[in-house]
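Notes follow the structure.
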Amino acid sequence: MTKRNLTASFRDPSGFLFHKDGELYRQVNQNYASEFDLLLSSGLYKKLTEQGRLIPHTEVSLAGIQGAYKVLHPQKVPFISYPYEWSFQQLKDAALATLAIQKRALNHGMSLKDASAYNIQFMNGKAILIDTLSFEIYQDGEPWVAYRQFCQHFLAPLALMAKRDIRLAQLLRIYIDGIPLDLASRLLPAGSWFNLNLLSHIHLHARAQKRYADVSLEQERHGRKVSKQAFLALVESLKKTIQQLQWIPSGTEWGDYYDQTNYSSKAFNWKKNLVKAWAEQVDPSLTWDIGANTGVFSREVNLPGGYVIAWDIDPAAVEKNWETVRTNKETNLLPLVLDLANPSPALGWNCQERDSFKERGPANLVLALGLVHHLAISNNLPLDRIASDMAGWGKWLIVEFIPKSDSQVQKLLRSRKDIFNSYDQVGFESAFKQYYKIHQAQPLPESERWMYFMETK
Amino acid sequence: MHFLYLDPSSGSILLQLLIAAAAGIGIAVASSWQKIKKLFKKTGKDKIKSSEDEDDEA
């Protein structure tokens, strides 16, 4: 019965999100009535939802809601993810979706009043706008108020990822309103000054922000306007800038993993079939494949009606996985970047605007293939610590135990002292048995590895 | 305009006025140039794609 406003939904006076009886709703405030009516009457809502660009909703009437013009029940996004978890192409898709929506909006007499990457989520393998109240009535002559935010949330990180280092995507974790343009300007290579688009939208933009920081806009503006044609030209310019940014996913540690493992193809196929058979017993609605790489095993557990998050530490692997999702038009697989040793924390005001990795669980099924030895050896995590924390991520677990005799583990031990006295199969099983019931254990053919199927107690 | 809660930043607005004007001129020049080129091309030849339907974007 209780209504609980979402802690992240407070900035926009037009409305806000709230939970009631386990469902998510969006209240539209009275002050947004004209905008909301235009969104529908202009055909913009219909067009965008048909294209899969805007989250569809139904209007509902709920008892005890104060001050609302309407209450919307939006379609549920299967899993919430954040820009610092996206690969290069995912962020690019989100950017281009935002621009496409803005262009479409302008042709219907509306304009986006913000351009935050957090307004975009991934659903059915596509970037989609989830903030239905993001539209304002377009005033001919007025510039785009969201231009700064677009450049900080999308253009700056993409430019840095493409032109400096892919790892700079993580700056988005620190700067929750996008990367400050002066910082982006300093970090970009000198060559970016010769690119007219980057020069304008980042370098000059940063300087203009600084130059006019304490200045009255009305005075400096001298009544100048931005015509609709010029506005569309600006959007087009941003689109071209984004499209030109490229990143080739290789040269990172795990991007070429499957070319280099010591699996025989017989063992590989056996493992795939086993994982699939076990997943079918669970029939999970949400699966977390941790260390999913390019998603080979994610696609074995990708059963109809389920949703799989393919987490991996390597942006190149996530990028390749996402390319496959787009090429094959897969709708229930979402690859995301994750460093399990330092996963996405809770961010924002009072640490309550963006949910941590753990808070977005639990999943029904967790896959931990080719993973535990990294955690135990490279990360020095005791096995029972791994087991107890993993038990919080999902009810069912398919996990692979790789002993010290395996060449992959040998590699990890090569340059360090072997202090891992309890890292063996007995130690593994006794650690996990504290938190799980082991339903099945099977040795992997032509290797010394073991596959386990477990359920939390 | 009263629920434009975002701070657009004065510098961003002013830069936009500049860029938009320049880009608008650029597009006007480019589309006039396309029209001029069209006069000299035979019909049925491939034309450069103009503002495509954004459906085929990401």
Side-chain angles (χ1 to χ4, degrees), chain A residues 11-14 29 31-32 35 51 89 92-97 99-101 103-104 113-114 116 126-127 136 139 142-149 151 181 200-201 204-217 220-221 224-227 229-234 236-237 239 326, chain B:
Chain A
R11 289 192 171 84
D12 186 355
S14 308
N29 289 335
N31 62 27
Y32 194 72
E35 279 69 16
Q51 291 180 320
Q89 187 65 44
K92 198 169 165 179
D93 288 348
L96 292 173
L99 293 174
I101 290 164
K103 184 172 172 185
R104 184 73 68 181
K113 67 187 180 200
D114 49 25
S116 159
K126 263 183 99 163
E136 57 159 342
Q139 315 264 13
E142 288 305 303
W144 194 19
V145 293
Y147 172 56
R148 170 196 69 77
Q149 197 175 47
C151 290
L181 296 178
S200 315
H201 299 305
L204 295 183
H205 198 168
R207 271 138 193 82
Q209 276 188 322
K210 188 166 172 220
R211 164 82 179 79
Y212 294 103
D214 299 316
V215 144
S216 147
L217 182 60
E220 289 295 329
R221 193 174 160 176
R224 282 178 288 175
K225 291 186 185 302
V226 177
S227 71
Q229 183 186 39
F231 201 135
L232 285 165
L234 178 73
E236 196 61 28
S237 166
K239 176 179 159 187
R326 281 175 20 119
Chain B
M1 289 276 277
H2 55 279
F3 25 74
L4 297 177
Y5 66 95
L6 203 61
D7 170 19
S9 131
S10 308
S12 303
I13 298 290
L14 292 165
L15 180 76
Q16 231 184 112
L17 293 167
L18 225 131
I19 292 182
I25 293 170
I27 293 229
V29 165
S31 71
S32 318
W33 180 239
Q34 289 303 321
K35 288 193 182 107
I36 294 168
K37 282 212 296 192
K38 257 194 215 176
L39 293 174
F40 292 96
K41 278 196 175 357
K42 299 196 193 107
T43 51
K45 256 197 169 172
D46 279 352
K47 303 281 192 298
I48 296 168
K49 235 182 353 165
S50 58
S51 64
E52 66 276 69
D53 188 359
E54 54 269 30
D55 279 330
D56 44 25
E57 271 166 28

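Proximity to chain B involves both the backbone and the side chain of A:Arg11, based on heavy atoms less than 4.5 angstrom apart. Only the side chain of A:Gln149 comes within contact range of chain B, judged by heavy atoms closer than 4.5 Å. If you measure heavy-atom distances from A:Lys210 to chain B, you find no contacts under 4.5 Å at all.
Closest approach of B:Leu17 and A:Arg224 over heavy atoms only: CD2-O, 3.9 Å. Residue B:Leu15 comes nearest to A:Ala208 through the heavy atom pair CB-CB, 4.1 Å, listed as atom of the first residue, atom of the second, then distance. In this structure, A:Trp144 and B:Gln16 approach most closely via the heavy-atom pair N-OE1, 2.6 Å. When all heavy atoms are compared, the tightest approach of B:Pro8 to A:Val145 is CB-O, 3.4 Å. Of all the heavy atoms in B:Tyr5 and A:Pro13, the pair that sits closest is CB-CD, 3.8 Å.
Here the NE2 atom belonging to A:His201 is positioned 5.0 Å from the CD1 atom belonging to B:Ile19, to the nearest 0.5 angstrom. With rounding to the nearest 0.5 angstrom, the CD atom of A:Glu136 is 10.0 Å from the CG atom of B:Leu6. The line from OG of B:Ser9 to OH of A:Tyr147 is 10.0 Å long, rounded to the nearest 0.5 Å.
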